[in-house]
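In what follows, a single structure is set out as structure tokens and then discussed.
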Amino acid sequence: MRIVYVNGEYLPENEARISIFDRGFLMADGVYEVTSVLDGKLIDYDGHAVRLNRSLEALEMRNPISKDDLLEVHRELVRVNEIDEGLIYLQITRGSDGDRDFVFPDPETTVPTIVLFTQAKPGLAENPVAERGIKVISIEDIRWGRRDIKTVQLLYPSMGKMMAKKAGCDDAWMVEDGCVTEGTSNNAYIVKGNKIITRALSHDILHGITRAAVMRFAKEAQMEVEERNFTIDEAKQADEAFVTSASAFVMPVVEIDGVALGSGKPGRVAPRLREIYLDEMRRVAV
Ligand code: PDD
């Protein structure tokens with residue numbers, strides 16, 4: 001059985017308890033991070049720790065744990081659950097003052113709730129899906145206006161994945177005013193000629209930790225990167241497309257709304273970036 005971490009304690013998963021009044025449960029008043037584990041080590045831990053603080057600050061929420069202690073909890077969970085390849089999920093909510101109220105509880109007397117658990121995912125890196133690429137559908141982006149804060153309001157992304165599944169596809173790209181914002185749980189890119197095109201950072205999309213690393217590696221490999229909006233029609237005419245996230249790394253996209261990109265197989269750029277990303281990040285994993 002998994003050992004999880006809840007508010008300072010390591011417990012078997014079936015003994016972990018959270019209040020029914022927790023604002024994460026009642027109001028989706030919480031933030032989260034997902035960090036991948038390869039060879040039993042954390043990938044880009046610092047990036048995730050920095051973004052966690054950014055999300056907390058944006059919601060005026062206290063961080064209940066120090067940076068060093070949080071790293072230690074990640075490592076201990078990897079150790080006790082013997083995770084070689086997988087993910088660590090972290091969630092911090094505004095906690096509970098024992099009732100339901102729209103008004104935030106007093107931060108002096110209400111301690112945020114913190115939960116971490118591991119997910120074993122053998123084959124995360126040597127993923128056969130990356131060999132064939134994924135198919136996406138496009139859906140309207142009807143989420144709120146602060147998608148840069150990594151909140152646990154994931155109902156619409158879940159619905160998007162279900163719409164994709166029903167259409168016989170793997171994922172959905174969200175579109176606003178004709179332009180792609182991002183995937184349900186990843187950042188979206190197209191490749192035209194030698195150019196990698198992805199939406200610029202703003203409140204409209206999550207500032208992906210994998211995105212930042214992949215853009216750096218692309219530039220170091222002399223690839224041209226352009227940060228700008230692109231339409232879903234432009235995407236369907238691209239040579240290649242891909243998504244990035246902590247759980248998918250770099251994942252080729254081979255079809256959008258039934259339109260095959262290029263040869264309908266992963267192209268040159270995405271598999272190359274996936275290889276560089278995995279090599280480089282494994283080297284500096286903690
Ligand atoms: N999702 N955009 C959205 C909407 C996301 O949910 C995610 C991550 C990303 C990519 O961010 P990063 O590279 O930092 O993982 C972009 C995580 C993996 C999840 O919800 O499981």
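Start at 1 and go down the list; that is how both ligands and their atoms are numbered. Numbering starts at 1 and runs along the sequence shown.
- Shown in contact with Thr244 at under 4.0 Å from a heavy atom are these atoms of ligand 1, numbered in order with element: 10 (C).
- Using a 4.0 angstrom heavy-atom cutoff, Thr184 counts as in contact with ligand 1.
- No side-chain heavy atom of Thr35 sits less than 4.5 Å from a side-chain heavy atom of Leu87.
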(request) Could you please spell out the steps behind the side chain to side chain donor-acceptor pair (under 3.5 Å) verdict for Thr113 and Asp22? (result) CA-CA 8 Å; Thr113 300; Asp22 194 281; 2.5 Å; yes
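- Residue Ser247 holds the heavy atom nearest to atom 18 (C) of ligand 1 of all those in Ser36, Gly208, Ser247, Gly47.
- Contacts of Arg51 with ligand 1, taken as heavy-atom pairs under 4.0 Å, involve the side chain alone.
- One finds a salt bridge joining Arg143 and Glu182 here, because a Lys/Arg side-chain nitrogen approaches an Asp/Glu carboxylate oxygen to under 4.0 Å.
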Show your working on ring pair (Phe, Tyr, Trp, His ring centres under 6.0 Å) between Phe117 and Tyr5 and close with a plain yes or no.
CA-CA 6 Å; Phe117 57 82; Tyr5 178 88; over 10 Å; no
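- In this structure, Lys150 is part of the shell of residues with a heavy atom less than 4.0 angstrom from ligand 1.
- Considering CZ of Arg23 and CE of Met61, their distance stands at 8.0 Å, rounded to 0.5 Å.
- The closest approach between a heavy atom of Tyr32 and any atom of ligand 1 is below 4.0 Å.
- Within ligand 1, counting atoms from 1 as listed, the ones closer than 4.0 Å to a heavy atom of Glu182 are 2 (N), 3 (C), 4 (C), 16 (C).
- Counting atoms of ligand 1 from 1 in the listed order, those under 4.0 Å from a heavy atom of Asn187 are 10 (C), 16 (C).
- Contact annotation for Asn186 and ligand 1: only backbone heavy atoms (N, CA, C, O) come within less than 4.0 Å of the ligand.
- The NZ atom of Lys135 lies 11.5 Å from the CG atom of Leu261; values are rounded to the nearest 0.5 Å.
- Considering backbone and side-chain atoms together, Leu154 places no N or O closer than 3.5 Å to any N or O of ligand 1.
- Judged purely by atom type and a 3.5 angstrom limit, His74 has no side-chain atom pairing as donor or acceptor with the backbone of Lys41.
- Here the closest heavy-atom approach between residue Ile209 and residue Gly47 is recorded as CD1-O, 3.4 Å.
- The residue among Ala248, Pro157, Ala246 with a heavy atom at the shortest distance from atom 15 (O) of ligand 1 is Ala246.
- In summary, the atoms of ligand 1 found under 4.0 Å from a heavy atom of Val34, numbered by their order in the structure, are 19 (C), 21 (O).
- For ligand 1, one of its N or O atoms has an N or O atom of Thr210 under 3.5 Å away.
- Hydrophobic clustering (ILVMFWY, side-chain heavy atoms < 4.5 Å, transitive): Tyr45 and Val80 are in one cluster.
- In this structure, atom 6 (O) of ligand 1 lies nearest to the protein heavy atom Ser185 CA, 3.4 Å.
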